[in-house]
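Here the structure comes first, spelled out in structure tokens, and everything after it is commentary.
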2 protein chains.
Amino acid sequence: MRQFLVVGHDAPTDPDFSLDDLPGTGRLDVLCRAVTAGLLLSHDIREDVRVSVVLSDDYTVRFEGSELQGLNPDERSTAALVRTALDQREDAIGHIPVETSPGVSLLRKGFEETLDDAAADGTVVHLHGEGTPAVETEPPESPVFVLSDHQPFTERETALLDETADRRVSLGPRPLHGSHAITVAHNWLDTDGFQRY
Amino acid sequence: MRQFLVVGHDAPTDPDFSLDDLPGTGRLDVLCRAVTAGLLLSHDIREDVRVSVVLSDDYTVRFEGSELQGLNPDERSTAALVRTALDQREDAIGHIPVETSPGVSLLRKGFEETLDDAAADGTVVHLHGEGTPAVETEPPESPVFVLSDHQPFTERETALLDETADRRVSLGPRPLHGSHAITVAHNWLDTDGFQRY
């Protein structure tokens, strides 16, 4: 499985927001593009993918490719799935995930716990401009890519990542948006490390 | 320069549309993601890029990286730039471009003329699942990538492309959304054909 863990530092934790201003809603637009970049192919879903979006270190919304229904490519409808998930936040008690729409779950977990969960199932890859160039290294079997939103990781997040990450990989010489990095990471895996297909 | 030409088959040609339903507005969401994938880096603009979006074979909106101001990563604000361009469609007379916001112009040109304009300045690359794998071929100096929206190219467009395209290149084994293909194409160029950086 391929996993993407995306950290939304200012993301909403309350469903009381308008879909008309996603950038003004803790840059929810950034997180929505990360979800669709992670899960969608042209007219298809990547079934072997899980995307976990951490909302302000309080909640995590998990999108499971193998079970997902109703994910469209546009930002607004993806944001609506997040809002629907938050609508049921009272039901997310302890660490039990609540399925809020098909293939979408809400968990009361912050970054550290979500990172630990993901790391248990795969090789954590920290995408970093100073990492090993992707073309020079084999992609792991079950990668967990950890990305931040429009802001850099906090000191605490960086320390947790440094502890947990197995590898640092660079996808290219230009600084990419998170969702674009996800697309390139998929291509790296789809083509066996840009070597063949 | 890198050019991307994106064909919107059902795209609006009239500014009288709501920003609340971009998928229902001729899949304007698809076109907006192509624009931002083509032009944006993290906290920066790709100055050596031009993105031309053909609207229902009637108009073309051209985004010029070297002059662009006010392009944000979200779909809605990009759609607003298209709407502002269409607001001034009465001024787009003959083939003279009208600058409708900094770095954004409207032209009364359809696919064939926009393709001819682009081809005059570069090497036309048809992204195609059966093309030469990108990793096995050198990227051209001044590529013009031609992409369709959520629909395939029409027969007429395919015939024009076959006449004009210098190369057919495949970016990987999975069918990608247009905006994701743009992101991968950029990475191919950024890394000298996935060879180094």
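Chain naming here is simple, since letters A, B, ... match the order of the sequence lines and numbering starts at 1 in each. As the structure is a computational prediction, the values presented were derived from the model and not from experiment.
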For chain A, which of B/Asp190, B/Asp21, B/Asp44 has the most heavy-atom pairs under 4.5 Å? B/Asp190

So, taking the atom named CG in A/Leu19 and the one named OG1 in A/Thr78, what distance separates them when rounded to the nearest 0.5 Å? 10.5 Å

Between B/Thr36 and chain A, which part of the residue has a heavy atom less than 4.5 Å away: side chain, backbone, both or neither? backbone

How far apart are the C-alpha atoms of A/Thr137 and A/Arg167, what are their side-chain angles, what is the distance that settles it, and do they pass the side-chain hydrogen bond (donor to acceptor under 3.5 Å, both in side chains) test? CA-CA 10 Å; A/Thr137 179; A/Arg167 300 161 65 173; 2.4 Å; yes

If you take the centroid of each ring, where Trp contributes its six-membered ring, are B/Phe153 and B/His126 closer together than 6.0 Å? yes

Are the side chain of B/Glu157 and the backbone of B/Thr154 linked by a donor-acceptor contact shorter than 3.5 Å? yes

When the 4.5 angstrom heavy-atom criterion is applied to A/Ala134 and chain B, the contacting part is both

Let me see the working for A/Lys109 and A/Asp117 under salt bridge (Lys or Arg N to Asp or Glu O under 4.0 Å), right down to the final yes or no. CA-CA 10 Å; A/Lys109 291 189 177 186; A/Asp117 287 353; 2.6 Å; yes

Heavy-atom pair count under 4.5 Å with chain A, highest-scoring of B/Val30, B/Leu22, B/Val184: B/Val184

Do B/Thr114 and B/Thr60 have side-chain N/O donor and acceptor atoms under 3.5 Å apart? yes

Could you tell me which of A/Leu40, A/Asn72, A/Asp29, A/Leu41 has the largest number of non-hydrogen atom pairs under 4.5 Å with chain B? A/Leu41

Tell me, side chain or backbone of B/Asn187 under 4.5 Å from chain A's heavy atoms, or both, or neither? side chain

Assert top hit (heavy-atom pairs under 4.5 Å, partner chain B, pool A/Arg27, A/Arg76, A/His186) equals A/Arg76

Pair A/Asp74, A/Ser77: side-chain N/O donor-acceptor within cut-off below 3.5 Å: yes

Counting heavy-atom pairs under 4.5 Å with chain A, which one of B/Leu176, B/Asp20, B/Thr183 comes out on top? B/Asp20

Using non-hydrogen atoms only, which part of A/Pro23 is less than 4.5 Å away from chain B: side chain, backbone, both, or neither? side chain

